[in-house]
Amino acid sequence: MRSAPSTLTPANVIGVAAFAAMLIALYLAIVESPDERVQGIHHRIYYIHVPTALVAYLSIAITAVASGVYLRTRRPRWDRLAYASAEIGVILTTLVLVTGSIWGRPVWGAWWSWSDARLVTTLVMWLSYIAYLMLRSLSGRAPGTARTAAVIGILGFVNVPVTYFSVYLWTYLHPLPTLQSATDRPESAILVPFLAGMLAFILLYVYLIRMRMRVEEAQQNLDALRAAAEGQ
Amino acid sequence: MTIETAQSSRGADTAVVIQCAGLEKSYGQRSALRGVTATVAEGERIAVFGDNGAGKSTLLRLMSGLLRPSGGRIHVFGRQPWGREGARVRARIGTLSHQSHLYQELSMRENLALYAQLNGVPDPGTRADELIERFRLAGRRADPVRTLSRGMTQRVSLMRALIHTPALLILDEPETGLDAAARDLLTRYIAERGADVTVVLATHSIDLGVALTTRDIVLRNGAIEYDSASHGVSSLSSERRREQVAEQIAPRATLT
Amino acid sequence: MKSPSQATGPKNTPPGYAAQFWLLLRKELAVEFRSRETAAPMAVFAVAALIAFQFSFDLRGAVLTLVAPGVLWVAIIFASLLALGRSFAREDERGSLEGILLSPTDPGALYLAKAAANVVLLTMLEVVIVPLSALLFNLQLLQPALLPTFLLGNIGIAGVGTILSSIAAQARAREALLPIMLLPLLVPVIIAAVRATGLAIDGRPWEDIQPWLAVLAAYDLIFVVLSALLFYATVER
């Protein structure tokens, strides 16, 4: 065991850092940042929505890469990373869809728009990885689930750009990204709270992924012990 | 056991057919084979005994290239038998298991021709007909396997295992799949091929094992409990072999 | 000691990738056409679905040309689930898939053969239901641009559906898992195929349809190649 007091484990340090960064990001987004000219107060959700979206896509990318590495090396660590990252990715994507709708209602006048390639792609990605999680939960800990899930983990990710392009082509009607509509303000006014949000969500992701991988590892060890006990 | 014992049992110039070193296989968290090290020389006939769940099937499925090991090493004819790299090795292995591996909708000739072609047999149709004649099923060659009796289907699945004249024959509990007549055909086939075919047989029947093979391995809990070759008892009488194997299987078998 | 490769036994030379593909494709089609387990139920299901859509949407007049391409493709994709679901479940019964895996067959060739057999089934289905819809709904479905549209669409559905079928066959609740995994992945195919079909029915020029055929072709290429490479992981034991 570590000699340092248990409150100072790396996991706790990351957790506290994530919490602090989240508070700072919220402060910068809500108090510090000025109202946007066109969207007014609604625009503040941007500082939550966009970092969530970027980290959600990052989680799914990590699932795909870890799935590929698992198929090559067959080390259970990579499978645990893929699984944990998919779970967190789905949760974050849910947040993205919710915050996106909340933002869209006042700005576009609708909760949802089928003509926005980003929205539809995010929804499709969300469904793909819910299917990934369902495959895993329905198969339980059956041998081979890690292999087949890895294939879904890769296919679902490759489908993201293809879907984006198809929806993009389907309708040329798409709103300008907000970063462009806000160019008349000093860049740092949006950049600083945005980066603070990014940092907060990345720290949160790292914290959660470590926890989730540990739980999964403990669960697998427990299963191994149970299997060994039954074998005797 | 090591290479030396294999050599000592059959002379120094005998090729190694199967080599396992610390071979492990687990299904999810359940480990079925925990570190098996064994060598099988060309032309050897080995019986693998053990309780249900001792790892017999797993060991044989690893040898036939169907499973990917979780740890350790397995080489058959000097190469890994599984995956793409094992394709050429698998063309030299014939496997018989409790499943028929046959397509019910296809005729026996079509099934046999398919497996002959997939294994690269030069004249697949003729080879299939030859075997069908030999196994005395010529009258039913065009009927779908679905319509054959159990005994006939068993003979077809045995033909499937032999169609490409394998150099290594892997028999996973053939007593559950074969009737007396088919077993007879198998015994004669092995005798005819002589040293050209290496045989690994997993069985619950000590009698069958002793009749078909010359070396005994007993598995327990996924590890080798007893190997007659490493005990230097390669020339026991059938009677003594039966006793030895029964004794090795017995102790804890009654508990499970 | 002799080198292991000199061990006795005939030196059979296993067939190459393409030869394996043809052998296995012929086997798939032979098994399918003798059991007739899939083709007929697919066609009946698709026709029944078309009738259900007719009364759900009241397919007449101006609505018809707008909705018809989607109705047609949804019927095809739902019917395809019947073929895809059987593709690997059927193999389980007598360990025939293990028989193939015991031979020197490349898993990629096995995947391509199964996918090609599913393309054949889908094409047969369309040969029945496309003219039938033309008749029932009075649609201009005899456009040359529809040929590549249906072919490329079929390759997309079968290409992704076949590898997912292999995955679902090993899981519990396979009947539910297959569509859950398949439909999100097929969104680009649905979009492109429905658009191309709609433009063709409207009698639009080739240049308008071409981008959608390009999307379908790109999708097919990406997913068929990727699946052929990844397929081994779904049949490994």
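Within every chain, numbering begins at 1; the chains are lettered A, B, ... in the order of the sequence lines, protein sequences first and strands thereafter.
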Undergrad: Do Pro104(C) and Arg88(B) have side-chain heavy atoms sitting under 4.5 Å apart?
TA: no
Undergrad: Any Lys/Arg nitrogen of Glu105(B) or Arg36(C) sitting under 4.0 Å from an Asp/Glu carboxylate oxygen of the other?
TA: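 Answer for the salt bridge query: no.
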Undergrad: Any carboxylate oxygen within less than 4.0 angstrom of a Lys/Arg side-chain nitrogen, looking at Glu98(C) and Arg61(B)?
TA: yes
Undergrad: Please check if atom OH in Tyr189(B) has more than 12 non-hydrogen atoms from other residues, nucleotides or ligands closer than 6.0 Å.
TA: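 Above 12, so yes.
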Undergrad: Donor-acceptor pair, distance only, cut-off 3.5 Å: does the side chain of His101(B) make one with the backbone of Gly95(C)?
TA: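 Here the side-chain-to-backbone pair exists.
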Undergrad: Using non-hydrogen atoms and a 4.5 Å limit, figure out which bit of Arg68(B) sits close to chain C: side chain, backbone, both or neither.
TA: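 Both parts, backbone and side chain.
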Undergrad: Please flag which part of Leu118(B) lies under 4.5 Å from any non-hydrogen atom of chain C: side chain, backbone, both or neither.
TA: both
Undergrad: Looking only at heavy atoms, which two atoms of Arg90(B) and Thr105(C) are closest? And how far apart?
TA: NH2-O, 3.8 Å
Undergrad: Drop me the distance from Leu114(B)'s CG to Arg26(C)'s CZ, to the nearest 0.5 angstrom.
TA: 9.0 Å
Undergrad: Check whether any side-chain heavy atom of Lys27(C) lies under 4.5 Å from a side-chain heavy atom of Asn111(B), and answer yes or no.
TA: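 Side chain of Lys27(C) against side chain of Asn111(B), heavy atoms only: no contact under 4.5 Å found.
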Undergrad: State, to 0.1 Å, how close Ser96(C) and Leu102(B) come at their nearest heavy-atom pair, and which atoms those are.
TA: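 Smallest interatomic distance, heavy atoms only, reads CB-O, 4.0 Å.
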Undergrad: Sort by residue number and list every member of residues 230-237 of chain C having a non-hydrogen atom under 4.5 Å from chain B.
TA: Glu236(C), Arg237(C)
Undergrad: Would you mind checking which part of Glu32(C) comes under 4.5 Å of any heavy atom in chain B, side chain (CB onward), backbone (N, CA, C, O), both or neither?
TA: neither
Undergrad: Can you tell me how far the OG1 atom of Thr13(C) sits from the CG atom of Asn119(B), to the nearest 0.5 Å?
TA: 11.5 Å
Undergrad: So how far is it from Trp22(C) CH2 to Gln117(B) CD, rounded to the nearest 0.5 Å?
TA: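 Here the interatomic distance stands at 14.0 Å.
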Undergrad: Are Ile100(C) and Tyr103(B) close enough that some pair of their side-chain heavy atoms sits under 4.5 Å apart?
TA: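 Ile100(C) vs Tyr103(B): side chains touch.
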Undergrad: Taking C-beta and beyond as the side chain, do Leu101(C) and Leu66(B) meet within less than 4.5 Å on heavy atoms?
TA: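 Heavy-atom side-chain distance check passes, below 4.5 Å.
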Undergrad: Run the numbers on Arg34(C) and Leu106(B) for side chain to side chain contact (heavy atoms under 4.5 Å, CB included), then give the verdict.
TA: CA-CA 8 Å; Arg34(C) 291 206 201 141; Leu106(B) 302 185; 3.8 Å; yes
Undergrad: Is chain C contacted by the side chain of Ser107(B), its backbone, both, or neither, given a heavy-atom distance below 4.5 Å?
TA: backbone
Undergrad: NE2/His164(B) to OG/Ser103(C) distance, rounded to the nearest 0.5 angstrom?
TA: 9.0 Å
Undergrad: Of the backbone (N, CA, C, O) and the side chain (C-beta and beyond), which part of Arg79(B) lies under 4.5 Å from a heavy atom of chain C, both, or neither?
TA: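 The answer is neither part of Arg79(B).
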